[in-house]
J.: 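Right, I'll just put the structure down here and ask away after.
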There are 2 protein chains.
Amino acid sequence: MTKAPTVYDVAERAGVSIATVSRVLRTPDAVRPATRDRVLDAVTDLGYVPSGSARGLAERRTGVLGLYFPGFDAVEGIPPLDVLADGQAGPYTVVREDGPRDDGRASMLFQDEVLRGAELEAWRRGFVLMVGVGRGDPATATVRDMAGRVDGLVVLAGSVADPMLERLAERVPVVVLAGPRHGDRHDHVTVSNTEGMAALTRHVLARTGGRAPVYLAGPDDSPDGAQRWEGFCAALADAGCPLDDVVVRHGDFTRSSGRRVGERLIAEGLPAALMSSNDQMALGVLDALHAAGVDVPGDLVVTGFDGIDAGALSTPSLTTVRQPMRELGRAAIQVLARRLDAPGAAPMSVRLPVEVVLRGSA
Amino acid sequence: MTKAPTVYDVAERAGVSIATVSRVLRTPDAVRPATRDRVLDAVTDLGYVPSGSARGLAERRTGVLGLYFPGFDAVEGIPPLDVLADGQAGPYTVVREDGPRDDGRASMLFQDEVLRGAELEAWRRGFVLMVGVGRGDPATATVRDMAGRVDGLVVLAGSVADPMLERLAERVPVVVLAGPRHGDRHDHVTVSNTEGMAALTRHVLARTGGRAPVYLAGPDDSPDGAQRWEGFCAALADAGCPLDDVVVRHGDFTRSSGRRVGERLIAEGLPAALMSSNDQMALGVLDALHAAGVDVPGDLVVTGFDGIDAGALSTPSLTTVRQPMRELGRAAIQVLARRLDAPGAAPMSVRLPVEVVLRGSA
DNA sequence: GTGAAAGCGCTAACAC
DNA sequence: GTGTTAGCGCTTTCAC
């Protein structure tokens, strides 16, 4: 750690040239066994670890793939923490907790799972993963930085503005993940949001005798949300159910926003069905309904979208559409790897199938 | 992407030397505004992004920090997936789901949260994060690789064998995360496992009139598990409760293993309390108890450890000890950053406080 | 099978 | 303020 040994150190110790050291590490068979062993011993003795930077420079590839997420935490909202400064706090505190807290994590679960899948697939191909999160405006700085350090980049839809995306794509292969395809210039991976929501809507309409559900939408800028809304509309149209009859409520994908909508539902009279554009909000609706003693699915049916674990544990359990999150991450890396192998190939768009999960709430 | 522009290209286009280009990027104030603008324009026009490898080599620092986890997925258990090959699957399928499935994710949540915290703190300090996962034996290859690419490494306890840890530490600063401290050669960050479990045990003993709980242990090689067991024993000793009276059951940290233990509990007669070394298993116990109509906490009290969200949603909600997972990740990076600033400082060990969360189950 | 030498793209003295 | 130049640690022809 004082000063890391280099090929030169290893070469000297083994009594060979640096070229031979390099060969031993990269093409062991091209070196006579005796020589090879001497070099390997020197490597071990010195604790030699090749410099990724030097390798990357010489090889013109880094062996690193990047994954870039939209910010999940506002820059202003970062709680202070300084483990070096304080430290005199006791080893534990005791708190009493009653109701379930709003679970801020669930929204991150999608990203976590994608990350898992991406890491797995990157590893299988001999790459390591670099992860970045877009925060505020210098966000662009982070992703540009990453572009300079990786062989390819997976970018979640909505994390990078279009012009920047083009710039990045000029530097390294880029795969856009989730949302609808945006032009045909980039590789793209997504799930069947539209078809999944349409199928779910058909199921709900069948249950409610075709009466129009209330739709609980998410933030306007959610690409996936838009696709789900599309699927909902399409199924309605197919069933001959006029879109005008549909009441649309808006939330921000959090459980508490769903809770508020649920309370309003109760106040204004229950519809036959409430279809939420994500699970979190649906769970919030269920919370409010449960508190008011409403019978789900007896009085109305409720559905979500995503397939988070909490939906399987709620009462009643939540009917939803499950997206293959981990597979999404894996697929993105697979597509990226293909692009690396075949730079000239036409950009592709892959759509992964979803699962309509019928449970208690509908 | 055909061939990325370099400083030379930028310099030529702006009519300056490469040194000036470098200056504009690193110390803009050291360059006359007119020159600076010309360079910046050239950068924009060309879509120039500096090579991380070249920078890293010249600067002798990469600006990357590494985070290395123990494997969460067995190499054999990786489901096949090839999005490039198949593709003719329908856009969705419909499934019916009744009971809650075993939630394999919960065990990863800890890692996910640590990762979140680490990424956040790395970003705040101008670093980007590289993540790796130990799998099988060439695992060592991954982490060595990482060591060659980063300025510092956070390694989860149990992910790297001791000798390899020493080698890594020779190359880059290393912070060990979780578990008990292992010698005093490395920086170390953990939570108050022992004290937390001791406090919880005292609470349980108070409720049960000092009758010995059944202890549900995890895998033997879990460093955190060992600390929790220690805390349990300490509290028992303090209370004058003989350890011989304690029945110990073993699980593997999964919900289903907890369920099995719960069933056995019912078959063999209920104790006054069941204390599990993690939440997942405690939830499994609750599942079994619930299915058998046992009243918790009336007939016996149950506790967990970790503070996962599912514990707040179970019936009854789970009394547990919450570890500050995200803060752990942040703390690890903070300690790593300190080490980078002060290479000579004595290795430190930071212990984060935990929260004893009293809920319905005890 | 092995060595000498020319880069890879950048930073940082050091001159001017 | 700006240009020249010498590395940073590795891979990879090209000779031998």
Side-chain angles (χ1 to χ4, degrees), chain A residues 1-40 42-43 46-64 144-145 147-151 171-172, chain B residues 1-40 42-43 46-64 144-145 147-151 171-172:
Chain A
M1 213 180 90
T2 338
K3 49 171 195 231
T6 72
V7 261
Y8 292 94
D9 301 319
V10 176
E12 185 179 347
R13 187 169 233 268
V16 298
S17 77
I18 62 164
T20 297
V21 175
S22 183
R23 278 193 203 98
V24 169
L25 265 29
R26 309 194 58 74
T27 52
D29 298 329
V31 177
R32 188 192 309 152
T35 319
R36 189 198 311 155
D37 292 344
R38 287 214 319 283
V39 171
L40 255 15
V43 166
L46 263 30
Y48 169 71
V49 176
S51 150
S53 295
R55 274 209 168 158
L57 186 53
E59 245 173 308
R60 252 148 305 186
R61 71 182 284 284
T62 61
V64 181
R144 276 189 40 181
D145 230 68
R149 301 174 195 276
V150 301
D151 295 330
R171 195 16 151 104
V172 292
Chain B
M1 212 181 91
T2 337
K3 52 172 194 235
T6 71
V7 263
Y8 293 95
D9 300 319
V10 176
E12 186 178 346
R13 187 167 233 268
V16 299
S17 76
I18 60 165
T20 298
V21 175
S22 182
R23 277 191 205 101
V24 168
L25 266 29
R26 310 190 59 72
T27 52
D29 298 327
V31 178
R32 188 192 310 152
T35 319
R36 191 198 310 155
D37 291 343
R38 288 216 317 283
V39 172
L40 255 15
V43 166
L46 263 31
Y48 169 71
V49 176
S51 151
S53 295
R55 273 208 168 159
L57 186 54
E59 245 174 309
R60 250 148 307 185
R61 69 182 286 284
T62 61
V64 181
R144 276 188 42 181
D145 231 65
R149 300 174 196 276
V150 301
D151 294 331
R171 188 32 146 94
V172 293

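In this text the structure is predicted, and so the values were computed from the model without any measurement. In what follows, every chain begins at residue 1, and chains take the letters A, B, ... in the order their sequences are listed.
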J.: Please tell me if B/S17 has a side-chain N or O lying less than 4.0 Å from either OP1 or OP2 of D/dT4.
T.: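 For D/dT4, neither OP1 nor OP2 has a side-chain N or O of B/S17 closer than 4.0 Å.
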J.: What is the separation between atom CZ on B/R38 and atom C1' on D/dG1, rounded to the nearest whole Å?
T.: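 So the CZ-C1' distance, B/R38 to D/dG1, works out to 12 Å.
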J.: Can you tell me if A/R23 touches the phosphate of C/dG1, counting only side-chain N or O atoms and a distance under 4.0 Å to OP1 or OP2?
T.: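 For A/R23, the contact criterion (side-chain N or O under 4.0 Å from OP1 or OP2 of C/dG1) is not met.
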J.: Return yes if the base of C/dC10 and the side-chain atoms of B/Y8 contain a donor-acceptor N/O pair under 3.5 Å, otherwise no.
T.: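 Indeed, a donor on one side and an acceptor on the other fall under 3.5 Å apart.
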J.: Would you say C/dC10 has OP1 or OP2 under 4.0 Å from some side-chain N or O of B/S51?
T.: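 No, B/S51 has no side-chain N/O under 4.0 Å of OP1/OP2 on C/dC10.
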J.: Do the side-chain N or O atoms of A/S22 get closer than 4.0 angstrom to the phosphate oxygens (OP1, OP2) of D/dT11?
T.: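 A/S22 to D/dT11 OP1/OP2: side-chain N or O found under 4.0 Å.
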J.: Choosing from D/dC10, C/dT11, D/dG1, which nucleotide comes nearest the side chain of A/P50?
T.: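 Of the options given, the side chain of A/P50 lies nearest D/dC10.
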J.: Grab the CZ-C1' distance between A/R26 and C/dT2 for me, whole Å please.
T.: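 Value for this atom pair: 18 Å.
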J.: Indicate whether OP1 or OP2 belonging to C/dC8 is found under 4.0 Å from a side-chain N or O atom of A/R60.
T.: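 So the side-chain polar atoms of A/R60 never come under 4.0 Å of the phosphate oxygens OP1 or OP2 of C/dC8.
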J.: What is the distance, rounded to the nearest whole Å, between atom CG of B/L25 and atom C1' of C/dC10?
T.: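 My rounded result for the distance is 10 Å.
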J.: What closest approach, in Å, do A/R149 and B/G63 show between heavy atoms, and which atom pair accounts for it?
T.: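 Distance-wise, the nearest heavy atoms are NH2-O, 4.3 Å.
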J.: Given atom NZ of B/K3 and atom P of C/dC8, what is their separation to the nearest angstrom?
T.: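 So the NZ-P distance, B/K3 to C/dC8, works out to 13 Å.
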J.: Just how far, in rounded Å, is P of C/dT2 from CG of A/D29?
T.: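 The answer, rounded to whole Å, is 13 Å.
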J.: Are OP1 or OP2 of D/dG1 and a side-chain N or O of B/T35 less than 4.0 angstrom apart?
T.: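 No, outside the criterion.
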J.: Look at the side-chain N and O atoms of B/R55 and state whether any lies under 4.0 Å from the OP1 or OP2 oxygen of C/dT11.
T.: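 Result: yes.
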J.: Between A/G15 and A/L57, which is nearer to the 5' end of DNA chain C once each is assigned its nearest nucleotide?
T.: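 Its nearest nucleotide being more 5', the pick is A/G15.
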J.: Assess whether side-chain contact (heavy atoms from CB on, under 4.5 Å) is satisfied between B/R60 and A/S51, documenting all intermediate values.
T.: CA-CA 10 Å; B/R60 250 148 307 185; A/S51 150; over 6 Å; no
J.: By nearest heavy atom, map A/A54 and A/I18 onto DNA chain C; which one lands nearer the 5' end?
T.: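 Result of the comparison: A/I18.
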J.: Output yes when a side-chain donor or acceptor of A/R23 lies under 3.5 Å from a complementary backbone atom of A/V31, and no otherwise.
T.: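 Flag not set: sc A/R23 to bb A/V31 has no pair under 3.5 Å.
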J.: In whole angstrom, what separates B/R149's CZ from D/dG9's C1'?
T.: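 Distance check: B/R149 CZ to D/dG9 C1' gives 14 Å.
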J.: Quick check: closest heavy atoms across B/P5 and B/L46, and the distance to 0.1 Å?
T.: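 Between these two residues, the closest heavy atoms are CG-O, 3.5 Å.
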J.: Heavy atoms under 4.0 Å, any strand shown: does A/V21 hit a base, just sugar-phosphate, or nothing?
T.: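 Result for A/V21 = nothing.
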J.: Test side-chain contact (heavy atoms from CB on, under 4.5 Å) on B/Y48 and B/V7 and set out the steps.
T.: CA-CA 8 Å; B/Y48 169 71; B/V7 263; 3.7 Å; yes
J.: What is the distance, to the nearest angstrom, from the CZ atom on B/R61 to the P atom on D/dG9?
T.: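 Distance, rounded to whole Å: 16 Å.
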